[in-house]
2 protein chains.
Amino acid sequence: MNETTPTGRARGIDRVIALMDHLHRRRAPTRIADLARDSGMPRSTVYELVNTLVDARWLDFRETEGTVYFGPAMHYFGNDYLDSIDLIRKARGEVAQLAASVGETAQLCMLDGNKYLVVLNEAGRRMFRISSDVGVKVPIPWTASGRLLVDHMSPDEIRDFIPEDDFVLPDGRRIGIDEFMGDMATAHARGFSRTTGLVDRFTTCLAVPVRDLAGRCVATVCFVVPAETTAEEQATMIATLQDCAARLTFPA
Amino acid sequence: MNETTPTGRARGIDRVIALMDHLHRRRAPTRIADLARDSGMPRSTVYELVNTLVDARWLDFRETEGTVYFGPAMHYFGNDYLDSIDLIRKARGEVAQLAASVGETAQLCMLDGNKYLVVLNEAGRRMFRISSDVGVKVPIPWTASGRLLVDHMSPDEIRDFIPEDDFVLPDGRRIGIDEFMGDMATAHARGFSRTTGLVDRFTTCLAVPVRDLAGRCVATVCFVVPAETTAEEQATMIATLQDCAARLTFPA
DNA sequence: GGCCCATGTCCGAAATACCAGACTACAGTT
DNA sequence: AACTGTAGTCTGGTATTTCGGACATGGGCC
C-alpha cells in the first residue's frame, strides 16, 4: 500500500519469478536453504515452491547433492520461444553451421534495450573455447556487433541512447564517442565490423549485419576468434558471415 | 480438502504452471481470452498473470495480434538447463556438427519415463525437412533409438516397462514383442540401430548408442533420413554417428 | 550417549491474493 | 444511434496462502 502497487499484478507469482531469477543469476545448482537465505524468502515458503516446481519439472532436484536447478520444462519452453521468432528460428541452423564449418565460436546478437545481447551461441572446436552464455548482455561499445546494431542512429541519438558509463571497458580504458562513431561509419561502409582487444586483450570479433527490408540492422552474426588470427583467415570468415547474413536478410 | 491435498505444495503457483503448460501444448501465440476459456481460469486472473509474466519477460505480448507466447526469459532458463547437464552440454556442438556436415537432421535422444524423448534436434539442409520438435515424446517401439535405449532389459522387464499400446504404430500396424526384441539384439550386437517406415512410411532412422562407463545406453545420437538413402550413404552416416558417440561416451 | 548442525515437514494465526462481476473503451454492424 | 462483441481494467469481501517458528530426522563428532 505504501509503495507503488500497480493494479492488475499477480503478486503471488513474484516469489516464483524471484526464485527462478535467483537460480539464473547463480548459474549453478543451489541448495534450498541457500536459496531461501540469499533471496530473503522464508525457508518454508521456498520449500513449498520448490516442491511444486519440481513436480512440474520446472526444476530438477539432485538427490545426491541436495540441490535444485532448472529442469527440462524450461528447455521445452525456451525452445518454443526460439521457434516462435522467425529470424531466430532460421538463424539457429545457420549459426550452428558457421561454428561447425569454421570451427570458431559463432553468435547471433541483437539489441535488448540499450545493451548488446547474445541470443544464440555455438562454441567452436578450440581446446580453450572463447564463448559466452546465451542471454549475456554487455554495453554496446564493447563489441563489434554493437557498432552495426546502432548504425542507423545520429551522433546525438547515440549519445542519448548509450549510457555514459558503457564507454568504459572492463579494464578501465575509455572509448571516445568520436572513435566509436568512426568505427561505426567504417563498419557501415565496409559491410562488416571488426574489433580487437576490447572485452579482453586476446580476442577479435568479426560481425556482419542482418538487415530488415528497410535496411535497418536488426541482428548480427559474428565470430569470436583469437587476436592472432591472420588477415586471410579473417577475410574468409567475413565472407562466410556475409553469405549467412544474406540468407537471413532475404527470407522466403 | 475433499481431494488429496499434498502438504507442502504451493498451490498458488498451479495457475502459472497451468498457463505455461497450456501455451506449450498449443505451441502458438494465443489470445488472452482464449487462454482463460480453454484453461478454465477466471478471465481477470489470467489477465493479472499475463501482466506479471510479461513484465518478467517470461511471456512476450504481441501488440499487433493481441496474443501472448513464451518470452526470452524462458530461453535463458532453458539454456541454463542444457548447460547444467554435462552430456547434453557436450552433445550440443556435436549434434550441430552432425547436421551441418552431413546435411541431414540429427538428434540426441534419451528416455523420459517409459517414453522416447527428443532432447536436441538440428534440422538438416533439405528443402522439405524431416524434423521433430525438441521435447517431443513418442513410444519407444516407434524408433530406432528406442531399441538401443532399453537394450539392457530382459524380455520380462520390457513387457512391464513399455505400455501394451505403445507397440501400435501411428498407422495401426502392431509390432510384435518378439520382433522388437530381435531388433534390439541385432542393434546391440552391431552397435547401431536402423528402422524404416515406422513413424511414417518415408523415413529411415539411424541411431547409435551413447553409453556410460557401466555400458548402459544413456542416450542415442541419430540421423533421420529419407527411406531411399543408399546403403553406402547410410554406412558413412553410421560411422559418423559412431565417432560422435565415442566422443560423448568417454568424456574428459 | 550427548551435542550440534543441516535438511525437511508441519501448524495455524494473520495477511493477502483470487476472482465474480461491474465497468470503460472501442470497433463493427444494422 | 442503438446494439453487439471483444479487449482490458478495477474493486471488495472472503477463501486461500503465507510464513514464523516448533518439530522431526539423521548424520558427524567428541
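Lettering of chains follows the sequences in order, A, B, ..., and the numbering in each one begins at 1. Being a predicted model, the structure only gives us computed values, none of them experimental.
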### Message
Could you check, using the six-membered ring where one of them is a Trp, whether F77(A) and W58(A) have ring centers closer than 6.0 angstrom?
### Response
yes
### Query
Roughly, in whole Å, what's the span from CD in E63(B) to P in dA7(D)?
14 Å
### Query
Can you find a side chain N or O atom of T45(B) that sits less than 4.0 Å from OP1 or OP2 on dC19(C)?
yes
### Task
Find the distance D14(A):CG to dC18(C):C1' and express it as a whole number of Å.
15 Å
### Query
In whole Å, what is the span from the CD1 atom of I17(A) to the P atom of dA17(C)?
13 Å
### Task
For I13(A) and dT17(D), give me the distance from atom CD1 to atom P, rounded to whole Å.
13 Å
### Task
Would you tell me if any nitrogen or oxygen in the side chain of R15(A) comes within less than 4.0 Å of OP1 or OP2 on dC19(D)?
yes
### Task
Using whole Å, report how far OH of Y47(A) lies from C1' of dA6(C).
8 Å
#### Entry: Check: R89(B) side chain, D83(B) main-chain N or O, donor-acceptor pair, under 3.5 Å
yes
### Message
Output the rounded distance in Å from CE (M41(A)) to C1' (dG21(D)).
### Response
19 Å
### Query
Reckon R31(B) has a side-chain N or O less than 4.0 Å from the OP1 or OP2 of dA7(D)?
yes
## Note on the structure
From CG of L35(B) across to C1' of dA7(D) the rounded distance in Å is 14 Å
### Side-chain donor or acceptor of W142(B) paired with backbone N/O of V168(B) under 3.5 Å
yes
### Query
Side-chain donor or acceptor of R43(A) under 3.5 Å from a matching atom on the base of dG8(C)?
yes
### Message
Does dA20(C) have its OP1 or OP2 closer than 4.0 Å to a side-chain nitrogen or oxygen of S44(B)?
### Response
no
### Query
Around R216(B), counting heavy atoms of other residues, nucleotides and ligands shown, do more than 12 lie under 6.0 Å from its CZ?
no
### Summary
When rounded to whole Å, the CD to P distance for the pair E48(A) and dT7(C) reads 18 Å
